Amino acid sequence: MCRSIKTLRPPALPEEATEEEIRAAALQYVRKVSGFRAPAAHNQEVFDRAVAAIAEATAELLAGLEVRGQKVRA
């Protein structure tokens, strides 16, 4: 599932993931789970909220991960 979502932590990504990269991964996840590439107008708000919530959770995850005893993000 979600094979096109790239890993956003070192060593797969040599530098800190950008907000844009995090949002792109969240969007891909929501598209995959919902089955919609672009939601209908009546689903747009809930779709956008889901992308924002997943992007926030992803940023929190990346900020808290430790690799070999070191934090991934400061």
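All values reported here derive from a predicted model rather than from experimental measurement. Atom set for the values below is all heavy atoms of this structure, side chains included, hydrogens, waters and symmetry mates excluded.
For Arg31 (side chain) and Phe36 (main-chain N/O), no donor-acceptor pair under 3.5 Å exists by modelled atom type.
Linking Ile, Leu, Val, Met, Phe, Trp and Tyr whenever their side-chain heavy atoms come within less than 4.5 Å puts Leu27 and Val33 in one cluster.
The CZ atom of Arg23 sits 12.0 Å away from the OG1 atom of Thr58 when rounded to the nearest 0.5 Å. For the atom pair Ile22 CD1 and Glu56 CD, the distance stands at 11.0 Å (nearest 0.5 Å).
Residues Ala26 and Ala55 come closest through the heavy atom pair CB-N, 3.6 Å. Of all heavy-atom pairs between Glu21 and Glu16, the closest is OE1-O, 4.3 Å.
Taking 4.5 Å as the limit, some side-chain heavy atom of Thr7 sits within range of a side-chain heavy atom of Arg9. Under the 4.5 Å side-chain criterion, counting only non-hydrogen atoms from C-beta, Glu45 is in contact with Arg49.
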